[in-house]
There are 2 protein chains.
Amino acid sequence: MTEPAAEAEQDPEVTAQEATVPVPGAARGGPISHAIFRLARLHRMFAGQLLRRIGLHPGQELVMMHLWELGPQRQIDLVRLMDSDAATMTRTVRRLEQAGFVRRRPSPTDRRASLIEPTTASHALRREVEQVWSRLEDISTAGLSGAECADALATLERLEQNLVRAATPPPEPDARPQ
Amino acid sequence: MTEPAAEAEQDPEVTAQEATVPVPGAARGGPISHAIFRLARLHRMFAGQLLRRIGLHPGQELVMMHLWELGPQRQIDLVRLMDSDAATMTRTVRRLEQAGFVRRRPSPTDRRASLIEPTTASHALRREVEQVWSRLEDISTAGLSGAECADALATLERLEQNLVRAATPPPEPDARPQ
DNA sequence: GTGATTTACTTGTTCAGACAGGAAAACCTT
DNA sequence: AAGGTTTTCCTGTCTGAACAAGTAAATCAC
């Protein structure tokens, strides 16, 4: 069990005829929103194809990276690290367990929780996952200078901050929140 | 329509404690990739919450926008317009039909296909969907000048183009492709 | 200590998205 | 006309993601 990876075929048919999908919303609706949407779609599809070859599904690689980096974690810790969902994490961990990449161990201090830890077999995956991320980064930043990369990053983070601010519960101008 | 700015929500619990989710990959892995990932997640979550209030799920609004804009379409046309998947479209159209937003009519010229058309009832949705997109755009671009918006758009499209290029099948340097 | 609340996790449901496989109609070639 | 191929759509399966609801353990308040 726990055969390391799927090494599949080496050259996938990463054929996305995406290019320029004309969407009504793009013209009059929201050019930025729609660009985010398209970029996200493509990026996700790309990551999915790279991950598929090493036997992971999108999202699972983040769990594994956290575990490799931080060691055994409770599910709730993983949920917080990834800003994910407890229900999703339950299933993701179960699938990773069935795939032989993680193991569950009852928490010695909390009988509600279990500790999730990477199996030794999973360590063969680590380099591959890191290669996937590095490849994705190379592809995304192809042809961009260091300054342009920094610029792009600042732009992405600014957009993100705008959404974070808008999503943040209430301004709560109350002087004494507590 | 197009109420000016984000002016925050008045009610929803759009509480994402996102903020700064520390992910291993962010530090050493791929800052740009990870920023795309986070931005996409937030953007999608936001769109989902706005759409939920008007009774749609993410993705369905795009189908409706195409139908409102272009009139009756075959499923395969919608698939191509959205760069989606035939299987997904089958189910999305079925759900939209059950929700009363679209109707199916057999194609007069092709007995394999049916034409999907928006119902009259759906037209009440149109303004709401447009408001959602416009709100999303306002939120995303809050505090950005016109030039900065154009800049951000260029950045997003450049990243997108990088992925498109990488996904495009082969360079095929063969002089005579045919 | 007893009882209420919170926390960690699970299950059920619904949705999008991707892939495999298949059916029927349309098409092309011979 | 006959046969093979392509197109259009559907179903099944598996995954992530989100929400609701529930269980068991821990914690807090009294």
Side-chain angles (χ1 to χ4, degrees), chain A residues 6 8-9 12-16 18 37 40-53 55-63 73-80 82-99 104 106-116, chain B residues 12-16 18 37 40-53 55-63 73-80 82-99 104-116:
Chain A
E9 67 305 59
E13 48 338 37
V14 191
T15 58
E18 279 264 346
F37 184 86
R41 205 169 171 41
L42 251 185
H43 190 264
R44 182 177 183 75
M45 184 201 73
F46 226 112
Q49 280 179 338
L50 293 175
L51 287 171
R52 156 181 275 246
R53 298 186 226 168
L56 290 178
H57 290 269
Q60 298 183 341
E61 89 282 12
L62 289 180
V63 174
Q73 301 285 313
R74 296 174 306 162
Q75 284 185 199
I76 190 64
D77 297 324
L78 294 172
V79 165
R80 288 185 185 128
M82 294 176 54
D83 191 42
S84 179
D85 176 272
T88 299
M89 193 53 69
T90 290
R91 290 156 177 134
T92 295
V93 167
R94 176 157 39 87
R95 285 161 190 146
L96 284 172
E97 191 180 17
Q98 287 166 351
R104 297 170 113 109
S107 164
T109 64
D110 189 337
R111 274 191 299 161
R112 294 170 303 180
S114 53
L115 292 177
I116 316 299
Chain B
E13 52 333 41
V14 190
T15 58
E18 278 264 347
F37 184 86
R41 205 164 170 41
L42 251 185
H43 190 263
R44 183 179 182 76
M45 185 201 72
F46 226 112
Q49 280 179 339
L50 293 175
L51 288 171
R52 158 181 272 246
R53 298 185 223 169
L56 289 178
H57 291 270
Q60 298 183 342
E61 89 281 11
L62 288 180
V63 174
Q73 302 284 315
R74 296 173 308 163
Q75 285 186 196
I76 190 65
D77 296 325
L78 294 171
V79 165
R80 287 184 186 131
M82 295 176 52
D83 190 42
S84 180
D85 175 272
T88 298
M89 192 54 67
T90 291
R91 290 154 177 136
T92 295
V93 166
R94 175 156 41 88
R95 286 162 190 145
L96 284 172
E97 191 179 17
Q98 288 166 350
R104 297 170 113 108
R105 170 160 52 92
S107 165
T109 63
D110 189 336
R111 274 191 300 162
R112 291 170 305 179
S114 53
L115 293 177
I116 316 300

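Quick caveat, the model's predicted, so the values are computed rather than measured. Note on naming: letters A, B, ... go to the chains in the order of the sequence lines (proteins, then strands), and numbering restarts at 1 for each one.
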Looking across every strand, which nucleic acid part, if any, lies under 4.0 Å from [X] by heavy atom: base, sugar-phosphate, or nothing?
| X | value |
| --- | --- |
| S107(A) | nothing |
| S114(B) | sugar-phosphate |
| A113(A) | sugar-phosphate |

Relative orientation of the end axes in the helix from dG1(C)-dC30(D) to dT30(C)-dA1(D), expressed as an angle to the nearest 10° (five pairs per end): 10°
Spacing between [X] atom [atom1] and [N] atom [atom2], to the nearest angstrom:
| X | N | atom1 | atom2 | result |
| --- | --- | --- | --- | --- |
| R112(B) | dC9(D) | CZ | P | 8 Å |
| L56(A) | dT15(D) | CG | P | 12 Å |
| D83(B) | dA16(C) | CG | P | 17 Å |
| H57(A) | dT13(D) | NE2 | P | 16 Å |
| F46(B) | dA18(D) | CZ | C1' | 16 Å |
| L78(B) | dA16(C) | CG | P | 14 Å |
| R111(B) | dA24(C) | CZ | P | 12 Å |
| R52(B) | dA16(C) | CZ | P | 13 Å |

Check the side chains of R80(A) and Q73(A) for a donor-acceptor pair under 3.5 angstrom, ignoring hydrogens and angles. no
It should be established whether [X] places a side-chain nitrogen or oxygen under 4.0 Å from OP1 or OP2 of nucleotide [N].
| X | N | answer |
| --- | --- | --- |
| R80(B) | dT8(D) | yes |
| Q60(A) | dT15(D) | no |
| Q75(A) | dT10(C) | yes |
| R74(B) | dT8(D) | yes |

Can you name the residues that form a salt bridge (charged side-chain N to carboxylate O under 4.0 Å, His left out) with [X], not counting sequence neighbours?
| X | answer |
| --- | --- |
| R111(B) | none |
| R44(B) | none |
| D85(B) | none |

List the residues meeting side chain to side chain contact (heavy atoms under 4.5 Å, CB included) with R91(A), not counting sequence neighbours, and say none if there are none. A87(A), R94(A), R95(A)
Within the structure provided, determine whether R104(A) and I116(A) are in side-chain contact (heavy-atom separation under 4.5 Å). yes
What I'd like to find out is whether the side chain of S84(B) reaches to under 4.5 Å of the side chain of R41(A), using heavy atoms alone. yes
Can you check whether P58(A)'s main-chain N or O pairs, donor with acceptor, with Q60(A)'s side chain at less than 3.5 Å? no
Of all of residues 88-98 of chain A, which get a heavy atom below 4.0 angstrom from DNA chain D, listed by number? T88(A), R91(A), T92(A), R95(A)
